[in-house]
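Remember, it's 1-based here, ligands and their atoms both numbered in the order they're listed.
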Amino acid sequence: MIHFIGAGPGGADLITVRGARLLGEADCIIYAGSLVNPALLDYKKEGCAVYDSAGMTMEEVIAVMAENEKSGKDTVRLHTGDPCLYGAIREQMDELDRLGLPYDDTPGVSSFCGAAAALCAEYTLPEVSQSVIITRMAGRTPVPEGEELRKMASHGCTMVLFLSTGLLEDVEKELLSGGAYTADTPAAIVYKATWPDEKVFRCTVGTLAKTAKENHITKTALITVGGFLGDQYERSKLYDPTFTHGYREACK
Ligand code: SAH
């Protein structure tokens with residue numbers, strides 16, 4: 001069996017209980033060494049083979065999995081955060097389907113959740129934003145037409161940018177072209193959320209590039225943008241004493 005597992009955002013104890021159990025049972029672990037905390041390998045059993053996929057092609061990864069399957073060994077494919085975001089799992093799964101090899105998928109805590117935790121923030125503040133756009137700046141990997149950052153930025157809602165830390169001058173321009181954010185809209189750069197060397201830099205849309213430059217942040221960071229980083233919001237209805245809902249009557 002091949003288990004795709006979300007490793008979580010960094011902190012080695014942020015993997016799920018199921019993920020940790022499967023890691024401990026694996027005969028072989030193929031992990032994304034560029035982003036997965038190597039401390040997670042401490043969960044492995046003795047004799048477990050370990051491959052760092054950072055220097056491998058998909059074909060090489062699949063070949064290791066197929067070889068393990070032949071001898072009845074369990075493989076864990078360990079992806080950073082949750083594999084469903086920028087994880088390149090679909091292409092691996094399609095190839096495994098083609099070869100008739102079985103797999104399953106265990107979710108993980110995505111780094112966008114780790115970043116919110118680092119900021120002690122709520123992305124969906126009442127009357128501020130009830131939506132989160134997860135996207136990236138077009139770089140060497142293009143984004144499809146209609147998903148240009150300036151279009152995404154026209155909503156003014158909470159936004160989390162993956163894979164864009166090296167392109168912050170363009171990010172600033174695109175965010176401002178959307179028309180909904182201003183140069184003063186709050187923003188934050190969260191570097192290595194939940195890792196021991198996590199760093200948080202609060203800034204504004206207009207100072208994103210400068211802040212990253214001054215602090216030498218070029219990768220492994222998320223850019224978060226929006227009024228959720230500000231001070232204005234309304235209380236939730238859920239815990240409002242005057243609000244009745246399915247589990248509670250309004251206080252008289
Ligand atoms: N599947 C992953 C994302 C992989 S894409 C997830 O769910 O988090 C890789 C990008 O994710 C990095 O370039 C960076 O933008 C972001 N990233 C991953 N881990 C991070 C962390 N701990 N802190 C900040 N950003 C992180």
In this structure, does ligand 1 have an atom that sits under 4.0 Å from one of the heavy atoms of Ala115?
no
Closest non-hydrogen atom pair, Pro107 against Thr16:
O-CG2, 3.5 Å
Which heavy atom of the protein is the closest neighbour of atom 21 (C) of ligand 1, given with residue, atom name and distance?
Ala193 N, 3.5 Å
Non-hydrogen atoms of Ala115 and Tyr123 that approach each other most closely:
CB-OH, 3.9 Å
Under a 4.0 Å heavy-atom limit, does Trp195 contact ligand 1 with its side chain, its backbone, both, or neither?
side chain
What protein heavy atom lies closest to atom 22 (N) of ligand 1? Include the residue and the distance to one decimal.
Pro9 O, 2.7 Å
So if I count the atoms of ligand 1 from 1 in the order they appear, which ones are less than 4.0 Å from some heavy atom of Thr220?
23 (N), 24 (C), 25 (N)
Looking at Val190, which atoms of ligand 1 are within less than 4.0 Å of one of its heavy atoms?
24 (C)
Which ligand 1 atoms, with their elements, are less than 4.0 angstrom from a heavy-atom of Ala221?
14 (C), 15 (O), 24 (C), 25 (N)
When you compare ligand 1 with Leu85, is there at least one nitrogen or oxygen pair between them that comes in under 3.5 angstrom?
yes
Heavy-atom gap Lys192 to ligand 1 smaller than 4.0 Å
yes
Check: of Leu222, Thr194, Val160, min heavy-atom distance to atom 25 (N) of ligand 1 comes from Leu222
min-distance protein heavy atom vs atom 13 (O) of ligand 1 -> Leu163 CD2, 3.4 Å
Among Val64, Val50, Ile2, find the one that has a side chain to side chain contact (heavy atoms under 4.5 Å, CB included) with Ile30.
Val64
Considering only the protein, which heavy-atom contact is closest to atom 11 (O) of ligand 1, and what is its distance?
Phe162 CD2, 3.3 Å
Report yes or no: do Asp240 and Thr242 form a side-chain donor-acceptor pair below 3.5 Å?
yes
Taking atom 8 (O) of ligand 1 as the reference point, the nearest protein heavy atom with its distance
Ser111 OG, 2.7 Å
Decide, yes or no, whether a salt bridge links Asp94 with Arg90 under the criterion of side-chain N to carboxylate O below 4.0 Å.
yes
Could you pull out the closest heavy-atom pair between Ala221 and Ile189, with the gap in Å?
CB-CG2, 4.0 Å
Under a 3.5 Å cutoff, is there a donor and acceptor pairing between the side chains of Tyr191 and Asn215?
no
Taking only heavy atoms of Leu35 into account, list the atoms of ligand 1 that are under 4.0 Å away from them.
9 (C)
Is Tyr86 close to ligand 1, meaning an N/O of one under 3.5 Å from an N/O of the other?
no
Is there a donor-acceptor contact under 3.5 Å linking the side chains of Ser53 and Arg77?
yes
Enumerated ligand 1 atoms positioned under 4.0 Å from heavy atoms of Gly81:
6 (C), 7 (O), 8 (O)
Looking only at non-hydrogen atoms, find the nearest pair between Tyr86 and Arg136 and report the distance.
OH-N, 3.8 Å
N/O separation below 3.5 Å, Asp82 to ligand 1:
yes
Using distance alone, with no hydrogens and no angle criterion, decide if Thr75 and Asn68 have a side-chain donor and acceptor under 3.5 Å apart.
yes
Answer yes or no: is there an ion pair linking Glu198 with Lys192, defined by an N-O contact shorter than 4.0 Å?
no
How far is atom 2 (C) of ligand 1 from the closest protein heavy atom, and which atom is that?
Thr80 O, 3.3 Å
Give the residue, atom name and distance (to 0.1 Å) of the protein heavy atom nearest atom 7 (O) of ligand 1.
Ser110 OG, 2.8 Å
Shortest non-hydrogen contact from Lys151 toward Gly146
CD-O, 3.7 Å
